[in-house]
Asker: 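Have a look at the structure that comes next, please.
No experiment lies behind these values; they were computed from the predicted model shown. Whatever order the structure lists them in is the order used to number ligands and atoms, beginning at 1.
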Amino acid sequence: MGSNVTFRSKIGLVAATVGSAVGLGNIWRFPAETQANGGAAFLLIYILCVAVLGLPLMLGEFAIGRAAGSDPISDYKRLSPGSRWWMIGITGILAAYVILCFYTVVAGWTLEYLVDSVSGSLYAATVAGGAEPYKVIMEQNITSDLKPVIFSIILILANGAILLGGVQKGIERISNLMMPLLFLLLLVFCVASLTMPGAGAGMKFFLTPDFSKVTASTVINAMGQAFFSLSLGMGVLMTYSAYFPKDTRLGKTSVIVAGCDMLVAIMMGVIIFPAIMTFGLEGETFEGASLVFVTMPEIFAHMPMPQLWSTLFFLLLLVAALTSTISISEVAVRFLQDRFKMTRRKAVILVMLPLFLLSPICSLANGSLSDIQLFGLTIFGMMDFFATNILLPLGALLMALYYIFAAPKGLLRNELTNNGLIKAPYAALVEMLIKWVAPVLILIIFVCTFIKF
Ligand code: PHE
């Protein structure tokens, strides 16, 4: 049997799900992709991907999760007993674990930058002396063997502590607190950015589509971004929707969650582009982590009160990363609880324990272990690639196949209409998109990813 726990309030349910979706994907990947792929041209394609692929798949996960009310493996077992469809859930739980390993490392960097912002060491006069001080600092921070490990372990402990609080008193409570804070911080940064001298030029860059930069890989990146940013394909949404009360309107919820996720991405564009235009940083490319850990400190160093702005920014990033980390861990915690009838405490400890070893290995992949490489990728890079580009789309593809071949008749419609209590005229369209459009698009992503690789 699964759990009978539900989120306590509608606001809490939305806050938790938005908390999962809004993360490093919005704050760092989205602006970087937008910069590289023709500004608003990328934004438009991304909006299309969210509408055609993201929303239907989100609803597909919500329907399975709420109908079955358990973890990604048990959900399929309950809905199709005696079949092997439950194996789909394995990709989800595996993806959750792999993402957790490197996500905690990046979240650990964020914590380190927050601490260095508060203490002011990031902006110490000596530091600002070199030619590219923040690039050097980032490299030192990331490649060091000890500090990032310590910070990621602190993060894992915080994550575990919140999870121990349970669904209502841990996840929901922390999301209710952190999401308003996140939006407030974003708003402060938007106002600051829009009053900078380069605001006009920045917004022009962001909102003028440059279709000459659009290639096949732009579209693939936009689809990948939709997957990652909406937390699709790994059972996070399935796990959270198992905690949705039966009267939650899934259609409305999905639009709110995807809308908030999009809003945060767009707000990040509004924040970043005016600032880089103002300080003449438009020539920089935001590869990898450099947007948040190099360009942003550079911007703050040019502003009055760099320490304050930097503290607020890394707090924002930490909040976003932590609420996502919690949701990823919850997939594995729920699984252990339901499958092996464990207490929550035992499940949380069991999920966290291996992380104390795996997350440091991931961290060292940027330091002492950086020579261990496969296809030119470090252990860190491999985990990111394997989970983001393979496991997430695979999980979603298999779910689409489940809807085509095995899902109980009317599953989606029943869930979208709360068993006939409300209207959902879009149910047929959503079902069509899940069954026929999503698999084709995902297969295209796969083929292109392998060709690119
Ligand atoms: N959606 C999160 C982000 O944008 C990351 C994430 C991926 C969270 C998959 C859960 C599952 O950063």
Asker: Only one of Phe314, Phe189, Phe300 clears ring-ring contact (aromatic ring centres under 6.0 Å, His included) with Trp309; which?
Answerer: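 By the ring-ring contact (aromatic ring centres under 6.0 Å, His included) criterion, Trp309 pairs with just one of Phe314, Phe189, Phe300: Phe189.
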Asker: Below 4.0 angstrom from a heavy atom of Ser229, which ligand 1 atoms are there? Numbered from 1 as shown, please.
Answerer: 1 (N), 4 (O)
Asker: To the nearest 0.5 Å, tell me how far Phe446 CZ sits from Ile390 CD1.
Answerer: 7.0 Å
Asker: Salt bridge check: are Lys435 and Glu431 linked by an N-O gap of less than 4.0 Å?
Answerer: yes
Asker: Could you tell me whether some N/O pair between Ala21 and ligand 1 is separated by less than 3.5 angstrom?
Answerer: yes
Asker: Return the CG to OG1 distance between Leu322 and Thr104, rounded to the nearest 0.5 Å.
Answerer: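 Taking CG in Leu322 and OG1 in Thr104, the distance rounds to 11.0 Å.
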Asker: Let me confirm one number: the CD1-CG distance from Ile154 to Asn159, rounded to the nearest 0.5 Å.
Answerer: 13.5 Å
Asker: Should Leu24 be counted as touching ligand 1, given the test is an N or O pair under 3.5 Å?
Answerer: yes
Asker: Identify, by atom number and element, the atoms of ligand 1 in contact range of Val236, meaning under 4.0 Å from any of its heavy atoms.
Answerer: 10 (C), 11 (C)
Asker: Nearest protein heavy-atom contact for atom 8 (C) of ligand 1: which residue, which atom, what distance?
Answerer: Ser231 OG, 3.3 Å
Asker: Verify the distance criterion only: is there a donor paired with an acceptor across the side chains of Tyr402 and Ser80 at less than 3.5 Å?
Answerer: yes
Asker: If I apply the N/O under 3.5 Å rule, does Ser324 come out as touching ligand 1?
Answerer: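 Between Ser324 and ligand 1 (N or O atoms, distance only) the closest approach is not under 3.5 Å.
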Asker: Can you find an N or O of Leu392 that's nearer than 3.5 Å to an N or O of ligand 1?
Answerer: no
Asker: Under a plain distance cut-off of 3.5 Å, with no hydrogens placed, do Glu330 and Tyr243 share a side-chain donor-acceptor pair?
Answerer: yes
Asker: Among all the protein's non-hydrogen atoms, which is closest to atom 12 (O) of ligand 1, and how far away is it?
Answerer: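 Among all protein heavy atoms, the one nearest atom 12 (O) of ligand 1 is Tyr103 OH, 2.7 Å.
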Asker: Suppose we measure from atom 9 (C) of ligand 1 to each protein heavy atom; which comes out shortest, and what is that distance?
Answerer: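 For atom 9 (C) of ligand 1, the nearest protein heavy atom comes out as Met234 SD, 3.3 Å.
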Asker: Suppose we measure from atom 7 (C) of ligand 1 to each protein heavy atom; which comes out shortest, and what is that distance?
Answerer: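 Heavy-atom neighbour on the protein nearest atom 7 (C) of ligand 1: Phe228 O, 3.5 Å.
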